[in-house]
Undergrad: 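One structure, pasted below without further comment.
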2 protein chains.
Amino acid sequence: MVTLAEVAQRAQVTAATVSNVLRNPQKVKPTTVERVMAAVRELGYRPNLTARALAEGRTSTLALMLSNISNPFYPEFVLEAETAARRRGYFLLVCNTDDNPAIARAYLDKIAGTLAAGVIVMNTDVSAGELADIAQRGSALVLCMWESAQATRALPCVTVDYTHAGGLAAAHLYELGHRRIGALLGEGSGGPQSVRLRGFVEALAARGVAADAVKVHACRDSIEAGYDAARALLSEQPKLTALFATNDLMAIGAIQAAADIGKRVPQDLSVIGLTNIHLAHQFRPALTTVGFPTAAIASIAVALTIDRIEGIKPKRDAYKVPLAELVIRDTTAPAPKASRRK
Amino acid sequence: MVTLAEVAQRAQVTAATVSNVLRNPQKVKPTTVERVMAAVRELGYRPNLTARALAEGRTSTLALMLSNISNPFYPEFVLEAETAARRRGYFLLVCNTDDNPAIARAYLDKIAGTLAAGVIVMNTDVSAGELADIAQRGSALVLCMWESAQATRALPCVTVDYTHAGGLAAAHLYELGHRRIGALLGEGSGGPQSVRLRGFVEALAARGVAADAVKVHACRDSIEAGYDAARALLSEQPKLTALFATNDLMAIGAIQAAADIGKRVPQDLSVIGLTNIHLAHQFRPALTTVGFPTAAIASIAVALTIDRIEGIKPKRDAYKVPLAELVIRDTTAPAPKASRRK
DNA sequence: CTGAAAGCGCTAACAC
DNA sequence: GTGTTAGCGCTTTCAG
């Protein structure tokens with residue numbers, strides 16, 4: 001491995017000068033710069049980022065902690081986060097906790113502040129309180145996509161307006177004439193996605209649909225679980241004309257369940273999801289859903305984390321990205337005539 | 001940040017002893033161990049992995065370079081690789097090249113041998129020759145899932161037997177009576193997936209189906225591209241009774257295309273994919289496919305990389321994981337009677 | 001504008 | 001068993 005010292009020797013200067021050439025070339029005489037750069041090229045010198053990190057007292061690595069990357073939302077998020085990080089000269093360490101708080105803690109304990117200068121923590125089973133302690137010790141932690149975290153200036157949270165997102169779904173179904181509506185409440189890591197559901201129920205209530213008219217079934221956040229839950233819910237409540245799922249995976253499972261019990265989507269049953277993962281438009285019928293601005297969330301989370309690393313104080317506790325938008329595709333339609341109230 | 005020296009001072013020993021307690025406790029007197037551990041606990045000491053890496057001359061980080069993590073095969077792979085790495089005390093840096101060789105080179109240049117002790121390089125647009133040069137410089141590079149790389153002892157490759165995988169698909173369709181067969185040839189990063197196709201065509205040839213009877217259409221490796229390609233192929237060749245896609249995404253697109261032009265799958269058209277991503281069984285109709293042993297591939301690639309980092313020489317150039325297996329689901333059926341030859 | 005020197009936090013010989 | 005010492009490769013004052 002070629003070191004700074006070797007480059008320095010070859011260019012007839014000291015290591016300090018080489019370092020300057022590489023970092024603040026304007027502070028060095030042009031002819032020297034040229035000589036040093038020549039040596040760098042000839043020797044094929046590449047800075048040792050580990051040594052640099054030690055000397056600077058901070059690494060150029062960010063960690064992204066998530067519960068399970070095989071949930072398709074995360075790869076989409078990782079892609080955006082990695083791109084944002086790369087643009088600012090940072091690398092991204094992926095920490096998959098496998099829904100296991102012990103793994104999450106072990107990761108945090110090992111990397112926060114040493115291997116990774118900052119950590120973006122997606123919804124996990126580690127409590128925000130515990131994370132706040134770690135943040136207190138000086139690590140740049142940023143929560144992301146937590147549905148109900150008590151964000152503080154020391155532990156800010158980047159998220160979307162889940163209530164609003166749920167409300168958009170409600171408004172859409174209401175306007176299509178649906179009144180007998182079921183809901184699948186997802187339970188990912190970090191607890192149930194109940195804010196989304198609350199937003200949904202409240203928006204219906206505001207339109208005169210009683211909250212207890214919404215039949216809710218809880219399940220894990222996956223296609224398979226959504227399938228099972230929808231089957232159960234639809235057999236208990238055969239008159240439902242629409243189903244809201246707090247995330248797209250469950251909505252897709254619900255569509256499959258409907259097909260298997262002979263209900264056509266959207267003619268007999270409308271289904272709407274939340275998130276707008278790629279699969280939502282790739283699946284058939286293409287899923288109507290409320291889209292999250294994934295790229296924006298990721299890049300804000302990355303930017304906020306880097307700002308904290310670099311000592312820039314956050315201006316707010318929570319960063320709500322409000323741009324959830326309704327994406328109408330092929331799984332929602334007007335409520336069947338027979339069931340309409342008005 | 002609490003340092004070794006502070007722990008040492010508190011425990012009335014030197015830094016070297018603390019280091020020993022943490023790394024080779026059996027070499028230290030039990031009472032000392034206890035005293036040191038107490039100090040560690042009281043101070044909340046956590047080793048600085050950057051400093052350790054610099055001192056040891058190597059990091060405990062692996063990089064995984066892939067073209068685009070939003071292709072659902074990769075998250076599944078990342079999950080397995082990360083788990084395997086974690087078990088051996090390594091962290092995983094995800095390097096997404098966005099199908100851009102310049103990004104790949106930049107990553108390699110920056111991290112190989114400095115930030116990451118080893119790099120697993122998935123199929124990319126950077127040539128194996130170029131990678132071999134980098135490997136020569138001493139970085140632990142391991143190729144993974146390359147379809148046609150000239151693996152060497154200095155640059156080994158972990159992969160599956162693509163020919164065999166293609167052959168399994170061919171045998172299945174043949175046994176169902178299909179003779180008019182189309183193929184979608186995927187073009188991911190790193191070139192066309194032609195070994196899979198060759199295996200498919202050769203296996204058919206071995207059964208007496210002429211190679212030029214297989215109508216091939218090339219396209220990108222995605223659901224959308226598979227959809228377009230299948231539509232085009234099926235309209236050119238309306239008598240096809242079966243379609244082989246060199247990967248599952250394209251197969252899923254093909255199923256959607258068939259539906260849109262009024263062909264029922266599998267009654268009118270059988271479709272078989274390759275890889276067995278999660279989506280293959282989540283999709284409806286559930287996709288018949290040839291499965292890759294993703295977990296095995298990932299863990300072998302990780303193990304091989306770590307072995308190289310730790311100085312253990314690879315025994316072979318190429319590691320072919322031969323366990324591709326046929327997974328029969330709902331998209332393949334006997335060829336329609338009208339079209340059967342025998 | 002460049003060089004000298006100290007030090008980031010830890011490890012690893014080698015003494016004692 | 002434990003301490004001493006010398007780095008790992010780089011950055012960063014501070015002199016000159």
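This structure is a prediction, so every number in the text was calculated from the model and none was measured. Every chain is numbered from 1 and lettered A, B, ... according to where its sequence line falls, protein lines coming before strand lines.
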Undergrad: Without decimals, in angstroms, what is the distance between Gln26(A) CD and dT2(C) C1'?
TA: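 So the two atoms are 15 Å apart, to the nearest Å.
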
Undergrad: State whether Ser19(A) places a side-chain N or O below 4.0 Å from either non-bridging phosphate oxygen (OP1 or OP2) of dC10(D).
TA: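 Result: no.
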
Undergrad: About how many Å separate CG of Leu141(B) and CD of Gln136(B), when rounded to the nearest 0.5 Å?
TA: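 Going from the CD atom of Gln136(B) to the CG atom of Leu141(B) covers 10.5 Å.
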
Undergrad: Could you work out which one of dA13(C), dT2(C), dT12(D) sits closest to the side chain of Ala16(A)?
TA: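 Closest nucleotide among those given: dT12(D).
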
Undergrad: On DNA chain C, nearest-nucleotide positions of Asn48(B) versus Ala15(A): which is more 5'?
TA: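 The residue mapped nearer the 5' terminus is Ala15(A).
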
Undergrad: Roughly how many Å is it from OH in Tyr45(B) to P in dG9(C), rounded to a whole number?
TA: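 About 10 Å, once rounded to whole Å.
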
Undergrad: Parallel, tilted or perpendicular, judged at 30° and 60°: which one describes the rings of Tyr107(B) and Phe91(A)?
TA: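 Ring orientation of Tyr107(B) relative to Phe91(A): tilted.
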
Undergrad: Without decimals, in angstroms, what is the distance between Gln9(B) CD and dC10(C) P?
TA: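 Interatomic distance, CD of Gln9(B) to P of dC10(C): 14 Å.
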
Undergrad: Quick one: Arg58(A) CZ to dT12(D) C1', roughly how many Å, whole number?
TA: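 These atoms are roughly 14 Å apart.
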
Undergrad: Quick check for you: among dG9(C), dT11(D), dG3(D), whose closest atom lies nearest to any side-chain atom of Met1(B)?
TA: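 Of the candidates, dG9(C) comes closest.
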
Undergrad: Counting side-chain heavy atoms from CB outward, which of dC10(C), dA13(C), dG7(C) is closest to Ala55(A)?
TA: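 My answer, after comparing the listed nucleotides, is dG7(C).
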
Undergrad: Need one value for Gln12(A): base, sugar-phosphate or nothing, where a base atom within 4.0 Å counts as base even if backbone is also close, heavy atoms only.
TA: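 Contact class for Gln12(A): sugar-phosphate only.
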
Undergrad: Counting any heavy atom closer than 4.0 Å, what does Thr14(B) reach on the DNA or RNA strands: base, sugar-phosphate only, or nothing?
TA: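 Here Thr14(B) touches the bases of the nucleic acid.
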
Undergrad: Starting from P on dC1(C), measure out to CD on Glu34(A) and report it in whole angstrom.
TA: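 In whole Å, dC1(C) P and Glu34(A) CD are 15 Å from each other.
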
Undergrad: How many whole angstroms separate atom CG of Leu54(A) from atom C1' of dA6(C)?
TA: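 Interatomic distance, CG of Leu54(A) to C1' of dA6(C): 13 Å.
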
Undergrad: Check whether any side-chain nitrogen or oxygen of Thr32(A) sits under 4.0 Å from OP1 or OP2 of dT2(C), and answer yes or no.
TA: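 Checking Thr32(A) against dT2(C): at least one side-chain N or O falls below 4.0 Å of OP1 or OP2.
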
Undergrad: Suppose we call two aromatic rings close when their centres sit under 6.0 Å apart. Are Tyr162(A) and Phe292(A) close by that rule?
TA: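 Centroid distance Tyr162(A)-Phe292(A): below 6.0 Å, so yes.
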
Undergrad: Would you mind checking if Asp125(A) and Arg105(A) are paired as a salt bridge, meaning a charged N to carboxylate O distance below 4.0 Å?
TA: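 Asp125(A) and Arg105(A): not salt-bridged.
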
Undergrad: What nucleotide among dG1(D), dT4(D), dG7(C) has an atom nearest to a side-chain atom of Lys29(B)?
TA: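 Between dG1(D), dT4(D), dG7(C), the one nearest the side chain of Lys29(B) would be dG1(D).
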
Undergrad: Are the side chains of Met65(B) and Ile120(B) in touch, meaning some heavy atoms are under 4.5 Å apart?
TA: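 They are not in contact (no side-chain heavy atoms under 4.5 Å apart), so the answer is no.
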
Undergrad: Between atom CG in Leu22(B) and atom P in dA12(C), what is the gap in whole Å?
TA: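 That distance rounds to 13 Å.
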
Undergrad: Tell me whether the OP1 or OP2 atom of dT11(D) has a side-chain N or O from Arg23(A) closer than 4.0 Å.
TA: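 So the side-chain polar atoms of Arg23(A) do come within 4.0 Å of the phosphate oxygens OP1 or OP2 of dT11(D), strictly under.
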
Undergrad: For the side chain of Arg52(A), counting heavy atoms from C-beta on, which of dT11(D), dT2(D), dT4(D) is nearest?
TA: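 The answer is dT11(D), which lies nearest to the side chain.
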
Undergrad: Roughly how many Å is it from CD in Glu6(B) to C1' in dG9(C), rounded to a whole number?
TA: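 Answer to the nearest Å: 11 Å.
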
